[in-house]
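Notes for the one structure printed next.
Protein chains get the first letters and strands the later ones, always in sequence-line order, with residue 1 at the start of each.
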Amino acid sequence: MFHEIEQRLQETFARCLEEKLDVRDVPVALEEPREASFGELALPVAFQLARRLRKAPRLIAQDLVAAVGAVEGVAALEIAGNGYVNVRFDRGYYARGLLAGSSAESRAPAGGKVIVEHTNINPNKAAHVGHLRNAILGDTLVRMLRASGRRVEVQNYIDNTGVQVADVVVGFHHLEKKTPAQVAELAARPKFDYLCWDLYARVSAHYKEHPESLKWRQQALHAIEAGEGELAEIAHTVANAIMLCHLGTMRRLGITYDVLPRESEILHLEFWATAFQLLKERGAIRYEESGKNAGCWVMPASAFGGGEEQDKVIVRSDGTVTYVGKDIAYQLWKFGLLGKDFYYRPLLTEADGHIVWVTSDKPGSETPPEFGRASEVYNVIDVRQSYLQEVVAAGLRALGYEEQAEKSIHFAYEMVALSLRAAAELGVELSEEDRKKGFVDVSGRKGLGEKADDLIDRLVERAFDEVSSRHPDVDEAERREVARQIAVGALRYFMLKFTRASVIAFDFQEALSFEGETGPYVQYAAVRARAILRKWAERGEKLPDFASILTREAMDRQLASEDFWQLLLAASKADVALARSIAGGEPAHVAKYAFQLAQAFNTFYHDYPVIHEKDPERRAFLLWMTTYFRDQLERTLSILGIPVPPYM
RNA sequence: GGGGACGUAGCUCAGUAGGAUAGAGCGGCCGCCUCCUAAGCGGCAGGUCGCAGGUUCGAAUCCUGCCGUCCCUACCA
């Protein structure tokens, strides 16, 4: 509704500018005034024209307003200050529009399929808080895009053949002296990812003390790549088991995937060979005869704006491909440009019936949906990979896929570090450098950091205590489920409230808080809205027929109250917030809006008892506001992936 | 050396396609539960938006320089 009026104003003013002033190149900007008393929208257009027309902005504004005349849904256009045009909505019209359900909801889904790749955790150890930021950011992006009508495919890339897995294989084989069968037995036990977490740290420490043992890593890598022998078998067991652990961790947060493309298939199906051919044919890479990169195939630095002497090696002099090369092949596949596809098999079925597929190197018996062939690709990867992501896009560009390079979006975010206090709580020794920085880097290699599942457990425990203190009479299993939902709300909100470019110095006190700007605060507002309506129903009352009682005149009467109008207006801006959030690539904006929406509802809740209202029209209005707030809160929370508990 | 991000209240952060009196949460202080759950609500205190110039009707926002912090810049994977 808000957006409709915005559009109408923009069109009307643009047309007026064109017809009356012959101005076409000035975009009609709309702002939300700082002061609510100025109206709902403001147009600074007169300022933009002042210079060109050599005329005082205020006079221009007056002429424009006179020329524009009446606009549907707008009660008044006022000149304010030096030349602002302030817009006052027709409140009754607006509210009736909301009551009827905005037609903006029914707009057709536009554009082709979007692929969002996120999580991408090395399958060699338990997930930690840093991984949570990636997955929550990615999953929320998916929900945002879907809410805006886009078709989205969610991918979680599994590097099951890399060094990280190889290192754990080394641990089992050389340090622990385990046979593949023994490893398989361990892998079947719970918390295998925790066991590997420690083992991985031990292997890293071992390398440090005995650098000569790094040859074990090379052996393991070769074995894994060849896919034969005990080492490969252990790698296979470890990667699969840990991958399932990660899926389990993410499932706790309501995060799931459509397909898991694996590095092993990219290898076995020779995606790289195909891409290599393309890159050579189209001159995207060149063979170096001499110089420091002699014998290598490189992408010239000029292709991706790299500095001088910064050509990027794609194929090493020994003929093996670097990661970027494989990433280019993979990115080509995502756009359906490789001319090759994976095979697939169903991996598991989620509780809601959703099937998660995994790639395979041979045909399966079941027919998968069509994967890949996207028109737009979001890679949710931390900011440190910016350079490599640039090279990948440059690869597409060099192949002539300008459009796809443009649509390859590196959805970058900053790291999660540990606050000094959190690091101290985890028993980390703080160096002078750490103290100066003010935070400590998470390091999987050192086994340093808070495991995702531990954090979720802590949150659930805290929430359980809170729930239990408020509802001691309720069945324990039910309290636990409510606690779980609150924990998810707290964690997801915490990870989303920061903008992407902000380093999160993870702090337990902040993350475990349920008060103030937190997920539970927003959940609580939704719970309160539901509670009012439940109480109403428990009295044996039915909801009034809003459409017939709340006529336009009735809405006008009720919304003459500035309080009500501001509350309704705030509640109606969910779509505006979503659109702005997608355009800006910033899920934090939706989170902020959810918080503001909750604040607005809490004000409403506090100031206006609904059920005890005596006047029938006023009561109907309050009940309608309650349902509207509830719907908007629930919708916004679902975009954030935050559940609404039955009570709190 | 080159590239990028950042510097806003005691703390953690919003706010930048230039706009009206710079916001929130936490922490601090003072209030509010015979009335739909106080995980709530109200109030007070707290800021030369790193510094200096420039652009203009107007700058936290754009440009330049400086100071400071972090990240990236391998034939490792």
Side-chain angles (χ1 to χ4, degrees), chain A residues 27 29 31 33-35 38 42 44 47 50-51 56-57 80-84 86 122 159 161-164 166-167 214 217 221 288 292-298 305-310 312-323 382-388 390 412 414-415 417 419 436-439 463 466-467 469-471 486 490 497-499 501-505 507 509-510 513-521 523-525 527-529 531-536 538 583-584 588-589 591-592 595-596 598-599 602-603 605-613 622 626 647-648:
Chain A
E31 299 167 7
R34 192 169 293 285
E35 287 283 327
F38 293 159
F47 295 108
R51 160 166 284 209
N82 281 330
Y84 271 102
N86 287 342
N122 277 305
D159 182 5
T161 66
V163 263
Q164 299 222 11
D167 284 346
L214 275 165
R217 172 191 279 176
L221 275 171
E288 292 286 89
K292 68 173 177 135
N293 293 331
C296 300
W297 285 88
V298 305
E308 54 202 279
E309 305 290 316
Q310 302 278 342
K312 182 71 196 166
V313 172
I314 303 296
V315 179
R316 304 183 190 100
S317 53
D318 66 0
T320 57
V321 60
T322 60
Y323 252 66
D382 76 65
V383 71
R384 293 177 304 188
Q385 306 268 2
S386 297
Y387 167 69
L388 294 178
E390 240 175 80
E414 264 293 354
M415 310 307 299
S419 70
K436 200 178 157 204
K437 271 168 70 171
F439 53 83
E466 295 284 338
V467 173
S469 73
R470 280 155 231 239
H471 307 277
I486 292 168
K497 70 193 271 195
F498 302 92
T499 49
S502 172
V503 176
I504 299 180
D507 187 88
Q509 199 165 306
E510 278 178 44
S513 168
F514 297 154
E515 288 166 17
E517 197 196 338
T518 64
Y521 176 92
Q523 290 173 307
Y524 190 58
V527 164
R528 283 176 139 185
I532 293 173
L533 298 166
R534 192 179 56 237
K535 274 273 153 55
W536 181 254
E538 279 170 6
H589 292 154
K592 270 281 183 301
F595 177 62
Q596 285 161 4
Q599 277 184 316
N602 277 332
T603 303
Y605 183 93
H606 184 262
D607 293 348
Y608 303 97
V610 176
I611 290 174
H612 306 289
E613 175 60 47
L622 293 174
T626 306
Y647 53 84
M648 283 176 76

Regarding the side chain of Pro33(A), the nearest nucleotide among U12(B), A20(B), A39(B) is A20(B)

note: Ile532(A), atom CD1; U37(B), atom P; distance rounded to Å ~ 8 Å

*Tyr605(A) ring over G40(B) six-membered base ring, under 5.5 Å and 30°*: no

| query | With no hydrogens and no angle check, do the side chains of Tyr524(A) and Asn602(A) hold a donor and an acceptor under 3.5 Å apart? | reply | no

| request: State whether the distance check finds a donor on one side and an acceptor on the other, under 3.5 Å, for side chain Arg217(A) versus base A77(B). | output: no

| field | Distance-only donor-acceptor test, Ser386(A) side-chain atoms vs C72(B) base atoms, 3.5 Å | value | no

Would Tyr387(A) count as stacked on G3(B) if the rule is ring centres under 5.5 Å and plane angle under 30°? no

query = Expressed in whole Å, how much space separates the P atoms belonging to U8(B) and A60(B)?
reply = 15 Å

Short side-chain to backbone donor-acceptor contact, Thr322(A) and Ile314(A), under 3.5 Å: yes

Just by modelled atom types, is the Gln509(A) backbone N or O under 3.5 Å from a matching donor or acceptor in the Ser513(A) side chain? no

Is any side-chain heavy atom of Met648(A) less than 4.5 Å from a side-chain heavy atom of Arg528(A)? no

request  = Using the C1' atom as the reference point in each nucleotide, state the distance between C66(B) and A24(B) in Å, no decimals.
outcome  = 32 Å

Is it the case that the side chain of Asp507(A) and the backbone of Glu510(A) share a donor-acceptor pair, with hydrogens and angles ignored and the cut-off at 3.5 Å?
yes

From the candidates C75(B), A20(B), A39(B), the one with an atom nearest any side-chain atom of Tyr524(A) is A39(B)

Between Tyr323(A) and Ile486(A), whichever has its closest RNA chain B nucleotide further toward 5' is Ile486(A)

Margin query: I'd like the P distance from G7(B) over to A17(B), given in whole Å.
Written below: 15 Å

In whole angstroms, the gap separating C1' of U37(B) from OH of Tyr647(A) amounts to 13 Å

Glu510(A) has its side chain closest, among C36(B), U12(B), C13(B), to U12(B)

Looking only at C36(B), C13(B), A39(B), the nucleotide nearest the Pro609(A) side chain is C36(B)

- prompt: Distance between the P atoms of G65(B) and A5(B), in whole angstroms?
  reply: 14 Å

Its dot-bracket string being built from Watson-Crick and G-U pairs below 3.5 Å, with | for another strand and [ ] for crossing, RNA chain B has the pattern (((((((..((((.....[...)))).(((((.......))))).....(((((..]....))))))))))))....

Glu414(A) atom CD is separated from G4(B) atom C1', nearest whole Å, by 10 Å

All N/O contacts under 3.5 Å from nucleotides 25-30 of chain B to the protein, with atom names and distances to one decimal?
from: G25(B); atom 1: O2'; to: Glu517(A); atom 2: N; distance (Å): 3.3

Using a 4.5 Å cut-off on heavy atoms from C-beta on, say whether the side chain of Thr518(A) contacts that of Gln523(A).
no

When rounded to the nearest Å, what value does the distance between P atoms of C26(B) and C41(B) take?
9 Å

When rounded to whole Å, the CD to P distance for the pair Glu390(A) and C72(B) reads 15 Å

chi for C33(B) classified (syn = within 90 degrees of 0, anti otherwise) as syn

Whole-Å distance, Phe498(A) CZ to A14(B) C1', equals 11 Å

Atom CD1 of Ile314(A) and atom C1' of A77(B) are separated, to the nearest Å, by 15 Å

note: Asp607(A), atom CG; G43(B), atom C1'; distance rounded to Å ~ 14 Å

Sorted by position of nearest nucleotide on RNA chain B, 5' first, the leading residue of Asn602(A) and Asn293(A) is Asn602(A)

Gln385(A) CD to A77(B) C1', in whole Å, measures 11 Å

Atom pairs under 3.5 Å: protein N/O with N/O of nucleotides 54-63 of chain B:
from: C57(B); atom 1: OP1; to: Arg51(A); atom 2: NH2; distance (Å): 3.3

- Message: Taking Ile611(A)'s backbone N and O only, do any of them form a donor-acceptor pair with Lys535(A)'s side chain (distance below 3.5 Å, no angle check)?
- Response: no

Problem - Side-chain donor/acceptor contact of Asn86(A) with base of A20(B) under 3.5 Å - result: yes

